[in-house]
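In what follows, a structure is listed as structure tokens, so that the remarks can point back to it.
The analysis underlying the following values was restricted to heavy atoms, covering all of them including side chains, and did not include hydrogens, waters or symmetry mates. Position 1 is the first residue of the sequence; numbering continues from there.
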Amino acid sequence: MSDSSPAPVVLDVWCELQCPDCRTALSDLAALRARYGDTLELRLRHFPLEKHKHSFAAAQAAEEAAEQGRGWDYVEAVLTRVAELDREGEPFLIRVAGELGLDVEEFDTALVDGRHILIVDADQAEGKAIGVTGTPTYVIGDERLDGGKSQEGLRERIEEIADRLLAG
């Protein structure tokens, strides 16, 4: 018996966990998830910016959270409290992991041993290669939408493209 459900449409979300614009984007992402469910796959892509000194560690922390099965929960928890990340840095990242019931020792070790650095570096390199300059930036189908300048009308645009791709 063949499974006739179409493959999900992929929305790459180039994000940085110390970025206030990415925090603003959370409501759009929640609305997209609610509307499309499993037919839209949201993929977190890392694009830490040099001006935010904790963003590289935060990207690694998000990868560790994903490995422990709570990637998006972690991303949302950190983004809603960007000011605390600004102030506290890595101790805050570890604390959030604990609040979500993740393995804190494993988290701590992951940030020390740098096991996720290659993923973050690869995302950043790919982002630069396709013209990502700020966050959030979305890529769906073959279109790049830059939310770092303005998020006005972006969700509608993503929905238009997703509907078209899903209609196939």
Side-chain angles (χ1 to χ4, degrees), residues 10-38 40-104 106-108 110-111 114-117 119-128 130 132-140 144-159 162:
V10 173
L11 174 63
D12 278 336
V13 183
W14 299 86
C15 177
E16 199 247 41
L17 296 195
Q18 210 177 342
C19 163
D21 289 333
C22 289
R23 180 183 58 208
T24 312
L26 285 176
S27 59
D28 280 349
L29 294 177
L32 290 166
R33 252 199 300 254
R35 175 169 174 173
Y36 293 102
D38 293 339
L40 183 70
E41 181 191 344
L42 294 180
R43 276 199 319 208
L44 177 68
R45 307 299 301 273
H46 302 289
F47 202 74
L49 302 167
E50 278 173 25
K51 66 181 177 186
H52 292 140
K53 65 177 185 287
H54 305 301
S55 62
F56 196 78
Q60 293 176 70
E63 279 302 315
E64 179 58 33
E67 206 157 275
Q68 294 189 32
R70 299 288 298 276
W72 279 108
D73 295 338
Y74 186 84
V75 166
E76 289 176 10
V78 171
L79 277 174
T80 52
R81 294 155 66 185
V82 164
E84 286 173 78
L85 175 56
D86 287 345
R87 273 198 314 276
E88 299 171 44
E90 289 192 25
F92 170 72
L93 295 171
I94 306 283
R95 194 169 77 237
V96 172
E99 289 168 7
L100 290 174
L102 298 172
D103 181 336
V104 173
E106 198 57 38
F107 235 84
D108 205 18
L111 288 175
R115 67 183 73 158
H116 302 297
I117 284 177
I119 293 173
V120 177
D121 281 347
D123 272 2
Q124 201 170 27
E126 186 183 330
K128 284 182 177 151
I130 64 166
V132 175
T133 54
T135 56
T137 294
Y138 305 95
V139 176
I140 181 169
R144 188 181 80 229
L145 307 168
D146 185 354
K149 295 179 178 62
S150 164
Q151 295 182 51
E152 199 58 49
L154 266 188
R155 188 171 92 210
E156 293 75 10
R157 189 77 195 96
I158 291 169
E159 289 172 351

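- Here the CG atom belonging to D146 is positioned 5.0 Å from the OG1 atom belonging to T133, to the nearest 0.5 angstrom.
- Contact of the V96 side chain with the F107 side chain is not registered, since no non-hydrogen atoms from C-beta on lie closer than 4.5 Å.
- Within 6.0 Å of CD on E50 lie no more than 12 heavy atoms contributed by other residues, nucleotides or ligands.
- Side chains of P136 and C22 form a contact here, defined as non-hydrogen atoms less than 4.5 Å apart.
- In this structure, the side chain of E16 engages the main chain of C19 through a donor-acceptor pair within 3.5 Å.
- The only option from R70, R81, R23, R33 that meets the salt bridge (Lys or Arg N to Asp or Glu O under 4.0 Å) definition with E76 turns out to be R33.
- In this structure, F92 and D86 have side chains that are not in contact, with every pair of non-hydrogen atoms separated by 4.5 Å or more.
- Here the closest heavy-atom approach between residue L17 and residue A62 is recorded as CD1-CB, 3.9 Å.
- Without hydrogens or angle criteria, R144 side chain to I130 main chain gives a donor-acceptor distance under 3.5 Å.
- When side chains are defined from C-beta on, L29 counts as touching W72, because their heavy atoms get closer than 4.5 Å.
- Under the side chain to side chain contact (heavy atoms under 4.5 Å, CB included) rule, H46 has a single partner from V120, D121, T135, which is V120.
- One finds the CG atom of L85 at 4.5 Å from the CD atom of Q18 (value rounded to the nearest 0.5 Å).
- Under 4.0 Å is where a charged nitrogen must lie from a carboxylate oxygen, and between E126 and R43 no such pair does.
- Residues T137 and G134 approach most closely at OG1-O, 2.7 Å, considering heavy atoms.
- Taken from CD in E88 to CZ in R95, the straight-line distance is 4.5 Å, to the nearest 0.5 Å.
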Derivation of the side-chain hydrogen bond (donor to acceptor under 3.5 Å, both in side chains) call for Q68 and E64: CA-CA 6 Å; Q68 294 189 32; E64 179 58 33; 2.9 Å; yes
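- When atom types are taken as modelled, the side chain of Y74 and the backbone of L93 share a donor-acceptor pair closer than 3.5 angstrom.
- In terms of heavy-atom proximity, I158 sits nearest to I140 at O-CD1, 4.0 Å.
- Closest heavy-atom contact between A77 and L100: CB-CD1, 4.4 Å.
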Test side-chain contact (heavy atoms from CB on, under 4.5 Å) applied to L42 and Y138, step by step: CA-CA 10 Å; L42 294 180; Y138 305 95; over 6 Å; no
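- Of all non-hydrogen atoms in R155 and S27, the two that sit nearest each other are NH1-O, 4.5 Å.
- Taken to the nearest 0.5 Å, the CG atom of D123 stands 4.0 Å off from the CZ atom of R45.
- A salt bridge links E106 to R115: at least one charged side-chain nitrogen sits closer than 4.0 Å to a carboxylate oxygen.
- For the pair P48 and F56, the tightest heavy-atom approach, listed with the atom from each and the gap, is CG-CD1, 3.7 Å.
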